[in-house]
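Worksheet for the structure shown next.
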Amino acid sequence: MKILISNDDGYQAPGIIALYEALSAIDGVDVDVVAPEHNNSAKSNALTLHSPLYVHHAANGFRYVNGTPADCVHIAMTGLLGYRPNLVVSGINNGANMGDDTIYSGTVGAAMEGFLFGVPAIAFSQVERNWGELQSAAQKARQIVQQMMQQQLIGASPWLLNVNIPNLPLEQMGQVKLCRLGRRHSAEPVITQVNPRGETMYWIGSAGAAKDDSEGTDFHATAHGHVSMTPLKVDLTDHDHLVYWAQTASRLDTAMQGVQKQEMA
């Protein structure tokens, strides 16, 4: 069993170190780390296309890249490793990736890049920031991976899971709950400041509070001390409204043809 680990907090983050130590302790598992050089939170699935990427070796054996989380997994999968991992694991992130956060998350983006290459992938995050009870979170991540190995869920077909772990001692954590993504309110207003040159600077505001945190969501599960597990997919097609948009597109096309005939007359 070969596991590739990445993250978005950077190769020196406590979360990735704890995750590496936890997964390396599993018998029969080889673990490689390819992670960003610096914090790349909220980089989603971005790839670096207009500047070169460099890979460096850290003293602890980790490899780090001057790029995004998706860059790290992409170059690892397409030549750097020299083999195909059985599992891609991202994290442990410093803070939750729930609800709408998953769209922006570099942690999820790294895992998704592995999934796009046909490899099962898991994104692990802690609900609260600042690494409280990190070792317990790493132990829970190891338990999840071990159980998936024992139940032969790794290798059959690719899947993508988003897992959020409450900042609790292991013995106080609730069970793993399969959840749907919740929703957040719109983000807080942008923050403006003026720099010494008199130019206005803009800082993205904080994420909005939970809007849909009802039972069955990741917000609800973690608020009650459980580990949330949400299967994700990449297909963004609005399947529920395909018929509506087919009819709408037909009307639009008819109208545009009429305008075009008038313009040509």
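Note that these values count all heavy atoms, side chains included, but never hydrogens, waters or copies made by symmetry. Predicted, not measured: the structure shown is a model, and the values here were computed from it.
Judged by distance alone, the side chain of S125 and the main-chain N or O of A96 form no donor-acceptor pair under 3.5 Å. The backbone N or O of G10 sits nowhere less than 3.5 Å from a side-chain atom of N39 that would complete a donor-acceptor pair. Under the 3.5 Å distance criterion, the side-chain polar atoms of E128 are left unmatched by any main-chain donor or acceptor of P166. The backbone N or O of L153 sits less than 3.5 Å from a side-chain atom of W159, completing a donor-acceptor pair. A side-chain donor-acceptor contact under 3.5 Å links S6 to the backbone of V34. Looking only at distances, a side-chain donor or acceptor of D218 sits under 3.5 Å from a matching main-chain atom of G99.
Between the side chains of S105 and N97, at least one donor N or O lies within less than 3.5 Å of an accepting N or O. Under the 3.5 Å distance criterion, with hydrogens and angles disregarded, no donor-acceptor pair is assigned to the side chains of N40 and T68. Side-chain contact annotation: Q193 with W203, donor-acceptor N/O pair under 3.5 Å present. No hydrogens or angles considered: nothing links the side chains of N7 and S90 as a donor-acceptor pair under 3.5 Å. A donor-acceptor pair shorter than 3.5 Å can be found between the side chains of H74 and E113. Residues R180 and S214 have side chains that bring a donor and an acceptor to within less than 3.5 angstrom of each other.
Ion pair R183/D100 flagged as a salt bridge, since at least one NZ, NE, NH1 or NH2 atom sits closer than 4.0 Å to an Asp/Glu carboxylate oxygen. One finds no salt bridge joining K2 and D32 here, because no Lys/Arg side-chain nitrogen approaches an Asp/Glu carboxylate oxygen to under 4.0 Å.
Here the options are D9, N93, T102, the test is side-chain hydrogen bond (donor to acceptor under 3.5 Å, both in side chains), and the partner is T107; only N93 passes.
No continuous path of hydrophobic side-chain contacts links F115 to L19 [ILVMFWY only; heavy atoms under 4.5 Å]. With hydrophobic clusters built from ILVMFWY side chains whose heavy atoms lie under 4.5 angstrom apart, F124 shares a cluster with M148.
For the pair L242 and T237, the tightest heavy-atom approach, listed with the atom from each and the gap, is CD2-CG2, 4.1 Å.
Taking the six-membered ring for Trp and thresholds of 30 and 60 degrees, Y11 and Y64 have nearly parallel ring planes, at less than 30 degrees apart.
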